[in-house]
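Below is one structure, written out as structure tokens; comments come after it.
Throughout, protein chains are lettered first and strands after them, A, B, ... in sequence-line order, and every chain is numbered starting at 1. As a basis for the values below, the full set of heavy atoms in this structure was taken, side chains included, without hydrogen atoms, waters or symmetry mates. These numbers come from a predicted model, not from an experiment.
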Amino acid sequence: MSNNNPIDSSPREGCPVHDWATDFDVMDPGYNRDPGPIWKDLRERCPIAHSTRWGGSWMPTRYDDVRDMARAVPTLSSRAPGVIPPSPEMREILIQEVKEFGAELPPISADPPLHKPFKQLILPLFSPKAVETYRPFTEKLANNLIDKIINRGKVADGAVDYAQQLPPRVIAYIIGIDETRADEFTEWVRGILEQGQANPEIRLKYRRIIRDYFQEMIAERRRNPRDDAISKLMEAKIEGENLSDYTIIGVCFLLLVAGIDTTWSSIGSALFHFGTKTDHRNRMYAEPELFPTAIEELLRFYSPVKMARRVLEPVAFGGVEMQPGDKVIMNFPAANRDPEVFENPDEVMLDREQNRHMAFGVGIHRCAGSNLARMEMDVALRTWFNRIKDFEVIQPEKVIWSGGQVRGPRVMPMRIAGA
Amino acid sequence: MRLCVDPDKCEGHNRCYSIAPELFEVDEFGLATTKNDGLVPEGMEDKADLAIANCPEFAISILED
């Protein structure tokens, strides 16, 4: 392996990358527009790359390496799953909160044995049966959004006006937020996940608003329990103890940060794909029975999520020795393009039947909301194709992609031919 | 043809259940078990193979009798 530099966190963000094997940048706009060629190059000559950017990290690109790493629990710890380190102000706040109350967002940030009881707490909210009960609401929502898009005219932003509008409202519905406040809630969530990405003050402002709102909801449910997720969390016990309000709020926050920009990225990427590939778009109009395999294939090809792990004890993967404290990026998106596992990996095949992708991770940290994400994609795409006669991305090369932890289109003007 | 799901490997992805609900059930945590003792009805062999080939945890296998 070409690199064994000690981790050095000196910031060099913004400089051009000369060699992706020793200096990769997960925030590079070109990389986030089309990472496939870079992963292909790395997989062939340096399958576990290293960079000192963004706090320093290792980045695997082969399926087997990513899989082995994801399963190496707890040698690779999930206590700090962020790919991009928090700003100094944010870091201070997070450290203070963890000191006071314990793990911030269990189970995503927990190792065994804490992980399992928390995961079992949320899994029933997202079982296939539970998710089907959210489908009618999601369908109504998607139709309302399409009504607005069609009424407005011939141009819409597939990311802002559609993809980003669905997941926050579905999560709000599951948690139990009043429908009359769903628009407001969606703005708060977008404040954290969008504007807040570049501006820690905005992020913090909306974090506080949402935290206070959840606290009010808990107080209200204490008087009048309901059948929503927040009431269920209030009744739940771990090792015979009720959860503290802080923990309940932490779990609700996890549902927000884990279930929203991830899913809107998948929906947005799917619209990008069909809005730029005319033959695939026409095929979906003609053969809607392809939706199940097409959705899995888009999840594989445009996998939005990378997670980070911290090395707890000296360990080697693929001949690379890693030291305690090293950060490792679980590069599920690159693993899903490995030619050892996928035939023609850099090609989208809408009818690909063998598709053992890891878009939702593998091992104990498998995404708890994967059934929900799939249902939302299914409803979002079917409703879009049912209601909109034709569409295309106006300038594909001008689409703005987010990167780092979650990759997906964020600004994507499209031409729309209404129903 | 008889299938089994390794409960130590299954993490509840539900890929098998969505491909072949005739062959698998899942519980409230998403963990899969086989229906009908894993026995695959005639004509369902292709679906069984697809379920095996799509499990991200490599948790499904064919039991040798």
Side-chain angles (χ1 to χ4, degrees), chain A residues 63-64 66-68 70-71 73 107 115-132 232 291-293 295-297 299-300 303 332 335-336 341-343 351-375 377-378, chain B:
Chain A
Y63 187 95
D64 286 351
V66 175
R67 186 166 176 267
D68 287 349
R71 300 172 65 86
V73 175
H115 169 268
K116 194 170 178 177
F118 275 100
K119 185 139 189 191
Q120 291 199 327
L121 198 64
I122 59 171
L123 281 174
L125 297 172
F126 304 113
S127 71
K129 272 194 195 124
V131 161
E132 281 312 304
K232 284 179 192 151
F291 272 114
T293 49
I295 286 171
E296 294 306 327
E297 178 66 342
L299 282 166
R300 179 190 73 82
S303 301
F332 300 114
N336 288 339
V341 180
F342 302 96
E343 202 184 322
D351 54 2
R352 191 188 290 272
E353 288 205 301
Q354 291 205 13
N355 197 346
R356 206 193 293 265
H357 70 76
M358 299 194 282
F360 295 107
V362 290
I364 66 165
H365 287 285
R366 185 272 297 179
C367 170
S370 56
N371 299 308
L372 179 67
R374 287 190 167 100
M375 183 278 282
M377 277 184 87
D378 187 67
Chain B
M1 188 180 191
R2 191 186 285 272
L3 299 175
C4 73
V5 179
D6 183 339
D8 292 331
K9 288 185 179 166
C10 177
E11 291 289 349
H13 293 257
N14 294 300
R15 295 289 300 280
C16 57
Y17 177 70
S18 62
I19 289 168
E22 306 87 344
L23 304 178
F24 300 92
E25 306 188 70
V26 289
D27 67 12
E28 62 169 336
F29 303 112
L31 300 181
T33 45
T34 53
K35 278 186 175 170
N36 191 27
D37 260 349
L39 216 55
V40 178
E42 216 162 301
M44 294 288 298
E45 293 83 358
D46 289 354
K47 274 200 172 187
D49 286 336
L50 274 184
I52 294 170
N54 280 287
C55 175
E57 307 290 350
F58 298 72
I60 309 168
S61 48
I62 299 174
L63 278 181
E64 304 297 339
D65 286 310

Point-to-point distance, once rounded to the nearest 0.5 Å, from CZ of A/R71 to NZ of B/K9: 7.5 Å
Of all heavy-atom pairs linking B/E28 and A/S127, the shortest is O-CB, 3.4 Å
Given A/K119, A/H357, A/R356, the one with more heavy-atom pairs under 4.5 angstrom with chain B than any other is A/R356
More than 12 foreign heavy atoms under 6.0 Å from CD of A/Q354: is that the case here? no
Could you have a look at A/M358, A/K129, A/Q120 and say which one has the most heavy-atom pairs with chain B under 4.5 angstrom? A/Q120
Proximity of residues 362-372 of chain A to chain B, residues having a non-hydrogen atom under 4.5 angstrom: A/V362, A/G363, A/I364, A/R366, A/S370, A/N371
Side chain, backbone, both or neither of B/F58 within contact of chain A (heavy atoms, under 4.5 Å): both
Evaluate whether atom OH of B/Y17 has more than 12 neighbouring non-hydrogen atoms of other residues, nucleotides or ligands under 6.0 angstrom away. no
Contact check, side chains of B/R15 and A/R374, non-hydrogen atoms, under 4.5 Å: yes
What part of B/I52 gets closer than 4.5 Å to chain A, counting heavy atoms only: side chain, backbone, both or neither? backbone
Sort out for me which of B/P56, B/A53, B/G30, B/S18 touches chain A most, counting heavy-atom pairs under 4.5 Å. B/A53
CD (A/E353) and CG (B/D46) are apart, to the nearest 0.5 Å, by 8.5 Å
Out of curiosity, B/F29 CZ to A/I122 CD1, how far, rounded to the nearest 0.5 Å? 11.5 Å
